[in-house]
*Asks:* 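Sharing a structure, written as structure tokens. Questions coming.
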Amino acid sequence: MSLSKDDTSLKSYFVFKTGLGWCGVVSSKKGILRILMGYPSRERILRKIVAEFGRSIAKTPAKGNIADKIKRYFSGGKVSFKCVLDWSFLSPFQKKVFKASMKIPYGAVESYGSLAKKAGCPRGSRAVGGALARNPFPLVVPCHRVIRKDGSLGGFSAGGGLELKKKLLKLEGQVRNSNK
DNA sequence: AACCCGCCCAACT
DNA sequence: AGTTGGGCGGGTT
């Protein structure tokens, strides 16, 4: 996934604060390159962005409605994230998995295995887990809706960790108080 | 060519 | 409830 550091293709970012931590969006000319969320401070998220995209990345005013959508979603709105993504750097397998996962509707969940089947890779549950573990577009590619077959949560590697996954599912009405 | 995994399933205790 | 052991497929080094 390594992006060349001194790539001249222009990238830009903006960050913003939400009820569930600091979030950020990095874009290229083609679309959104990366969504970050769940960071505890402005410094932390900036450091992360610089670490991944280099110091030369440009800051841009929070244009577009993606920030508003995320905020609305975090406060309980049933938001559907339709936005242009730049996934030119993803592997074919990742594209298949992300595409399949975007079909999971708000408020629904699906298991890694079942998603693997829908992505055309019937025994690829672990591979699906691996792909989702590096999902650059959390929320837009709703990897938080993918859980284990037995109902336990599985993992979540975006900022905020498993706790955030639990919160998101709760927002969507999916986590009973089982505390599993 | 080895590792690592956000898994799954059956078969146990 | 938890553990084990085999199998799994993609990604990374």
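Convention: sequence-line order gives letters A, B, ...; per-chain numbering from 1.
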*Asks:* Assign Tyr112(A) to base, sugar-phosphate, or nothing according to its heavy-atom contacts below 4.0 angstrom with the strands shown.
*Replies:*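 Tyr112(A): base contact, heavy atoms under 4.0 Å.
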*Asks:* Between Glu52(A) and Arg34(A), is there a side-chain N and carboxylate O pair less than 4.0 Å apart?
*Replies:*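 Judged by the 4.0 Å cut-off on N to carboxylate O distance, Glu52(A) and Arg34(A) do form a salt bridge.
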*Asks:* Measure from CD on Glu110(A) to P on dC8(B) and round the result to the nearest Å.
*Replies:*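 It works out to 11 Å between those atoms.
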*Asks:* To the nearest Å, give me how far apart NZ (Lys96(A)) and C1' (dG9(C)) are.
*Replies:*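 After rounding, the gap between these two atoms is 11 Å.
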*Asks:* Could you tell me how far apart Lys165(A) (NZ) and dG6(B) (C1') are, to the nearest whole angstrom?
*Replies:*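 In whole Å, dG6(B) C1' lies 6 Å from Lys165(A) NZ.
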*Asks:* Rounded to the Å, how far apart are Arg148(A) CZ and dC9(B) P?
*Replies:*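 My rounded result for the distance is 12 Å.
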*Asks:* Among dC8(C), dG6(B), dG11(C), which nucleotide has an atom closest to any side-chain atom of Arg123(A)?
*Replies:*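 So the nucleotide nearest the side chain must be dC8(C).
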*Asks:* Would you please confirm or rule out a distance under 4.0 Å between OP1 or OP2 of dC9(B) and any side-chain N or O of Lys149(A)?
*Replies:*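 Result: yes.
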*Asks:* Under a 3.5 Å cut-off for both distances, is dG6(B) Watson-Crick or wobble paired, and to whom?
*Replies:*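 By the stated definition (distances under 3.5 Å), nothing pairs with dG6(B).
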*Asks:* Look at the side-chain N and O atoms of Ser91(A) and state whether any lies under 4.0 Å from the OP1 or OP2 oxygen of dG11(C).
*Replies:*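 Checking dG11(C) against Ser91(A), a side-chain N or O does come within under 4.0 Å of OP1 or OP2.
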*Asks:* Kindly point out which of dC8(B), dG11(C), dG6(B) is positioned nearest to the side chain of Arg134(A)?
*Replies:*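 Closest nucleotide among those given: dG11(C).
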*Asks:* For Leu164(A) and dG6(B), what is the distance between atoms CG and P respectively, to the nearest whole Å?
*Replies:*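 To the nearest whole Å, that distance equals 17 Å.
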*Asks:* Send over the distance from Asp150(A) CG to dG6(B) P, rounded to a whole Å.
*Replies:*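 Asp150(A) atom CG is separated from dG6(B) atom P by 16 Å.
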*Asks:* Any base atoms under 4.0 Å from Gly130(A), or only sugar-phosphate, or nothing? Heavy atoms, all strands.
*Replies:*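 Contact class for Gly130(A): none.
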*Asks:* Counting only Watson-Crick pairs (N1-N3 plus N6-O4 or O6-N4) and G-U wobbles (N1-O2, O6-N3), all under 3.5 Å, who is the partner of dC8(C)?
*Replies:*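 Answer to the pairing question: none, since dC8(C) forms no Watson-Crick or G-U pair.
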*Asks:* Measure CG/Leu132(A) against P/dC7(B) and give the value in whole Å, please.
*Replies:*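 Taking CG of Leu132(A) and P of dC7(B), I get 10 Å after rounding.
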*Asks:* For residues Ser101(A) and Val141(A), report the shortest heavy-atom separation together with the two atoms involved.
*Replies:*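 Taking Ser101(A) first and Val141(A) second, the nearest heavy atoms are OG-CG1, 3.4 Å.
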*Asks:* Of the options dG11(C), dC8(C), dC8(B), whose atoms approach the side-chain atoms of Phe93(A) most closely?
*Replies:*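 Of the candidates, dG11(C) comes closest.
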*Asks:* Tell me if the NZ atom of Lys149(A) is crowded by more than 12 foreign heavy atoms within 6.0 Å.
*Replies:*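 No, not enclosed.
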*Asks:* May I have the distance from Leu153(A) (atom CG) to dC7(B) (atom P), rounded to whole angstrom?
*Replies:*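 After rounding, the reported distance stands at 11 Å.
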*Asks:* Side-chain contact test, heavy atoms from C-beta onward, threshold under 4.5 Å: evaluate it for Asp86(A) versus Lys29(A) and give yes or no.
*Replies:*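 Side-chain contact under 4.5 Å: no.
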*Asks:* Between the side-chain atoms of Arg126(A) and the base atoms of dG7(C), is any donor-acceptor pair under 3.5 Å?
*Replies:*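 Answer yes: a donor N or O sits under 3.5 Å from an acceptor.
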*Asks:* Would you say Gln174(A) and Tyr106(A) are linked by a side-chain donor-acceptor pair, where the criterion is simply a distance under 3.5 Å?
*Replies:*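 Per modelled atom types, Tyr106(A) and Gln174(A) side chains form no pair under 3.5 Å.
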*Asks:* Measuring from the side chain of Gln94(A) (C-beta onward, heavy atoms only), which nucleotide among dC8(B), dG11(C), dG6(B) has the closest atom?
*Replies:*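 Closest of the options to the side chain of Gln94(A): dG11(C).
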